Novice: 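This is the structure, below, for whatever I ask next.
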Amino acid sequence: MRVADLPLSAEHVAHFEAEGIEELYPPQAAAVEAGVCDGGNVVAAVPTASGKTFVAELALLTADGPGLYVCPLRALAREKYEEFDRLPGVDAGISTGDYDSAASDLAGRDVVVATSEKVDSAIRNGAEWVDDLACVVVDEVHLLGSPGRGPTLEVTLATLRRRSPDVQVVALSATVDNPGAIASWLDAELVESTWRPVDLRTGVYADDGVRFDDGTELSLPVDAADPGSDVDTEATAELVADAVADGGQALAFVSSRREAEALADRLTDDRLTDAVDAAREGASPDAADAIAGVDDPGMAAAEVAEELREAGATATGERLAEAAAWGVAFHHAGLSSDHRTLVERAFRQRRLAVICATPTLAAGVNVPARRVVVRDQRRYTGSGTEWLPVLEVHQMCGRAGRPHLDPYGEAVLVADDADERGDLWDRYVTADPERVESKLRDPAALRTHTLALVATGVAGSQAEVLDALGGTFYASRTSNPNLGGVVGDAVAALIDDGLLAPTDGGGIEATALGAQVSRQYVTPDTGVRIVEGLDAVASMDPDDVTELTALEIVCDAPDMVDTYLGNAERAEIYQFARSRSAELTTGMTEADDFEAWLESVKTARILAEWIDGASVEELVDAYRIGPGDLESRIERAEWLLGAAAALADVVGVDVPAFASARSRL
DNA sequence: ACCCGTGGGCTTTAGACAGCATGTC
DNA sequence: CTAAAGCCCACGGGT
């Protein structure tokens, strides 16, 4: 099937052809046959990089009215927005928490790109642009199964379909075990394929060699004369160096931030330099390009290092720059967002040869490489280590192979020994990914969405809440959803918290407080915590109500991200809490969970010092957090302080500290 | 006196969505 | 409640 045969305008055909798209990939053709261009609902479960974006564009361009593209990450939203906006005759808009389109009239746009939470929030706040949609494209729809964010996605989609019954829904999913379940929920045609534009072979390394699933083997002895380093790290280094020597780029996945940095450090030695040199002198001019993509790879590396230094003169920035000078970088959430984007971009431009990353990178923006090495397949949890989900490992592996640039992609899982090779083989190479199951039954999720449904006027009674939830993925999965009891509990809890109230007619309605909680997009639990804080403030000496007070309330709310409290600093934070106890809304003895509270005091203290002019560097140093961690806490505090101010207004307590702390963040 | 290797015990362990109202060289 | 790898430090042996 050719682009020219599709029901597209001549200028769109020209646009795609100019981008090199003439002939459709098989999964794309299958999606067209399934009705993507005719307003049909389609679920496409296909690998990353098999042309999902084009399927989305087809749906949006052929739809008879405005379209919405929903995705899980802000960075992804940005990427797609730019792509859609380049389409001739398309006026695209974007709406995410950190970035709105220049003009606020998203209502007039042909396509709006947004995160699922932003769509949910827009519905709650009565935004006009969610009405009259002709087409909704949902990317990464398998996130339905994620405990925190899945329920939002399914409730939002259910609400959108309820409001516009004729809306076309196109859902794009990674390959999962039960895509049919998603398709039947959405009354959609299922397109399932494992086709990829670049061949991918997956293998396991053990005992000096890789055995791939296509039967090939790669012998790669590990230099045993290297003490002080373990076998899998050495093997990883060899695998990376080998790929680079061959003119490719490599991604290495490890389990923790520290490991990522340690591995990057380990790679900045002669071995990789030799590989870089070999590639540069090497057989093909292609190889030299692969290292740098510019005339002089060495210079490119120095440039990247310089850019990284300019982006942030922190210790992290310096370590990053040092590694980058060797063509290596590390990547994890502790990096400032500037550093993160720089690393991603430099790698895409082939100005970096290797990225050592935590598992995040697998879910983020597109960073394909010739070879992917997964050194660690487990993840630390609060209590022990767990195997990574198959889906996640597959997504890492799927990053291997760059269309048009690499002849093939290779993914290698590194085993400790021959025994583990079999394990990994069964667990990840031959295994099917997990099923996607709804997490809507979670009580906290139900409280949140029950409140939202009532506050937006969709439901005026428990029965109507249940009715509205009837359109969810959860409900479609079982003939007897039996959510009644859990929803009943949710309603009771919300009434108890003063967010909902019974009406005379036997129904329920949102209180002013509940309505504000829903609009501010905080969870009911956070709303309750803020109100408790306000109560405490009301009986405090006004002089004691400081910015620290405001920060403590907000940092102790469940919607704030936790900050790790090491044993070494516990005593000091405790001292701090004691010396400032007059300003805190929680007494030293009355916290339900003292540990958690002490953690929030730590967060509040960090932010208070930030407000008072402490530098990123000082805070990073003193509290053992990364620049990126500081950024995320500031961002969240900003949001929660705003929400707290709005709730204070409703409750009728005047706390100027919320606004003043917020403005100084 | 100093260096190095070993072993035990302690510490630490991924990530990231959301409000609101405008002004900006 | 289930783990495991790094780091610090003390110790011991060798030079």
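Lettering follows sequence order; numbering is per chain, from 1. These numbers come from a predicted model, not from an experiment.
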Novice: Mark yes or no: A:Arg427 above the aromatic ring of A:Trp387, with NZ or CZ under 6.0 Å from the six-membered ring centre and no more than 45 degrees from the axis.
Specialist: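 The answer is yes; both the distance and angle limits are met.
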
Novice: Is DNA chain C part of any stem, that is, at least 3 consecutive Watson-Crick or G-U pairs with both distances under 3.5 Å, and where?
Specialist: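 B:1-13 with C:3-15 - these are the stems of 3 or more pairs that involve DNA chain C.
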
Novice: So what does A:Glu386 hit on the nucleic acid, given a heavy-atom distance under 4.0 Å: a base, only sugar-phosphate, or nothing?
Specialist: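 No contact.
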
Novice: Between A:Arg662 and A:Arg633, just flag the one whose closest nucleotide in DNA chain B comes earlier from the 5' side.
Specialist: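 It is A:Arg633 whose nearest nucleotide is closer to the 5' end.
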
Novice: Mark yes or no: A:Arg421 above the aromatic ring of A:Tyr205, with NZ or CZ under 6.0 Å from the six-membered ring centre and no more than 45 degrees from the axis.
Specialist: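 No, cation not above the ring by the 6.0 Å, 45° rule.
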
Novice: Pull out every residue in residues 118-126 of chain A that has a heavy atom closer than 4.0 Å to any atom of DNA chain B, ordered by number, or say none.
Specialist: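 Under 4.0 Å from DNA chain B: A:Lys118, A:Ser121, A:Asn125.
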
Novice: With a 3.5 Å limit on both atom pairs, tell me what B:dG23 is paired to, counting Watson-Crick and G-U wobble, or say none.
Specialist: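 Pairing partner: none.
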
Novice: Using the P atom on both, measure C:dG6 against B:dA14 and round to a whole Å.
Specialist: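 14 Å, rounded to whole Å.
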
Novice: Check every strand shown and say whether A:Leu640 touches a base, only sugar-phosphate, or nothing at a heavy-atom separation below 4.0 Å.
Specialist: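 If one applies the 4.0 Å heavy-atom cut-off, A:Leu640 turns out to touch nothing in the nucleic acid.
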
Novice: Taking the side chain of A:Glu638 as heavy atoms from C-beta outward, which of B:dA14, B:dG19, B:dA18 is closest to it?
Specialist: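 Given the options B:dA14, B:dG19, B:dA18, the side chain of A:Glu638 is closest to B:dG19.
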
Novice: Classify the ring geometry of A:Phe330 against A:His332: parallel below 30°, tilted from 30° to 60°, perpendicular beyond 60°.
Specialist: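 Parallel: the ring planes of A:Phe330 and A:His332 meet at under 30°.
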
Novice: How long is the line joining CZ of A:Arg74 and C1' of B:dG15, in whole Å?
Specialist: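 Going from CZ in A:Arg74 over to C1' in B:dG15 covers 12 Å.
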
Novice: Starting from the 5' end of DNA chain B, give me the residue, A:Thr385 or A:Gly642, whose nearest nucleotide shows up first.
Specialist: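 Checking each residue's closest nucleotide, the 5'-ward one belongs to A:Thr385.
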
